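Just so you know, ligand 1 is whichever comes first in the structure, and atom 1 is the first atom listed for that ligand. What you are looking at is a predicted structure, and each value in this text was computed from that prediction instead of being measured.
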Amino acid sequence: MSGEMSIRRIWPAPASPPLDDAELTALYGRAEGPHLRVNFVASLDGAVTLQGYSAGLSGEPDKRVFGLLRMLCDGLVVAAGTLRHEGYRAVRLSEPRRAWRREHGLAEYPTLVVVSGSLGLDPAQAAFAGAPVRPVVLTRVDAQAPPGLAEVAEVVRCGDDRVDLAAGLAELRRRGLDQLLCEGGPHLFGALTAADLVDEVCLTVAPLLAGAGPGRITAGEPSPPRDLPLRHVLAAGDGSLMLRYTR
Ligand SMILES: NC(=O)c1ccc[n+]([C@@H]2O[C@H](COP(=O)([O-])OP(=O)(O)OC[C@H]3O[C@@H](n4cnc5c(N)ncnc54)[C@H](OP(=O)(O)O)[C@@H]3O)[C@@H](O)[C@H]2O)c1
């Protein structure tokens with residue numbers, strides 16, 4: 001493993017040697033019961049994007065943890081805004097990661113879950129059209145589905161004027177999707193925080209100043225502050241920090 005790629009735990013306990021994927025997997029793990037983990041990358045001055053996208057903030061170590069977190073989840077939850085903007089493709093996992101899932105009694109791939117109030121979604125987008133597992137779309141009762149969406153995704157309606165996220169997550173859990181990983185974006189994270197549904201936040205802090213302009217990792221209506229205790233700090237060879245907070 002190159003120095004740039006190495007990831008060491010620096011808190012709690014003295015600095016560890018570089019962690020391999022099995023050790024990282026054990027550090028993040030799967031929770032005992034239903035659990036919603038949120039994963040973001042930000043610049044050290046709090047920007048959620050660089051030139052409009054998250055890619056410029058994410059180095060190889062962040063991508064490594066990003067992939068491992070996907071391997072660990074039952075359902076991969078993403079807001080329609082991020083799905084459209086970042087051009088989400090079908091969820092793919094390497095053969096070793098699929099083997100890990102089989103060995104742990106999980107479906108070969110996590111189920112993609114898209115949250116959309118408007119259903120302004122393109123059924124031809126690879127995230128839907130090429131999905132290895134039929135995705136779920138959480139939306140409002142009277143949202144108008146575009147032609148073809150029902151062929152490539154299961155549309156689940158919860159909430160009248162807005163998507164009722166608590167009811168949506170309960171519905172996912174009824175389908176066996178207990179361990180959820182949310183990859184954003186900021187409006188969905190804000191709404192999940194406001195509804196007090198966030199059990200864990202994994203945040204990579206990229207070692208750069210993005211400057212003024214970009215938004216934060218959270219957006220939308222203000223909500224009361226909530227404590228979230230720190231569980232670990234990892235330092236990567238590219239200078240990024242990986243912070244994990246859980247309730
Ligand atoms: N740095 C990172 O780790 C990271 C991670 C993710 C995203 N991002 C960045 O964030 C930006 C996208 O942000 P965004 O402002 O578009 O926010 P977003 O939360 O990604 O998307 C907002 C849209 O998603 C749907 N949505 C979100 N929350 C909803 C809710 N509670 N109920 C119903 N629908 C909901 C709605 O879609 P409809 O319009 O279909 O109703 C809404 O318009 C992109 O630039 C992306 O690159 C960065």
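- Taking the six-membered ring where tryptophan is involved, the planes of His85 and Tyr53 are essentially parallel, since the angle between them stays under 30° and well short of 60°.
- Other residues sharing a hydrophobic cluster with Val133 under the 4.5 Å side-chain heavy-atom criterion for ILVMFWY residues are Leu93, Tyr109.
- Residues with a heavy atom under 4.0 Å from ligand 1: Phe40, Val41, Val48, Thr49, Gly52, Tyr53, Ser54, Ala79, Ala80, Gly81, Thr82, Arg84, His85, Glu86, Val115, Ser116, Gly117, Ser118, Val163, Leu165, Glu183, Gly185, Pro186, His187, Leu188, Ala191.
- Here Ser54 pairs with Glu86 under the side-chain hydrogen bond (donor to acceptor under 3.5 Å, both in side chains) rule; sequence neighbours left out.
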(request) Applying salt bridge (Lys or Arg N to Asp or Glu O under 4.0 Å), run through Asp122 and Arg84 and close with a yes or a no. (result) CA-CA 8 Å; Asp122 178 4; Arg84 290 187 291 254; over 6 Å; no
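- Under the rule for a salt bridge (Lys or Arg N to Asp or Glu O under 4.0 Å), the partners of Asp142 that lie at least two apart in sequence or sit in another chain are Arg140.
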(message) Run the side chain to side chain contact (heavy atoms under 4.5 Å, CB included) test on Val136 and Glu171 for me, step by step, so that the C-alpha distance in whole Å, both residues' side-chain angles and the decisive distance to 0.1 Å come before the verdict.
(response) CA-CA 10 Å; Val136 172; Glu171 184 55 41; over 6 Å; no
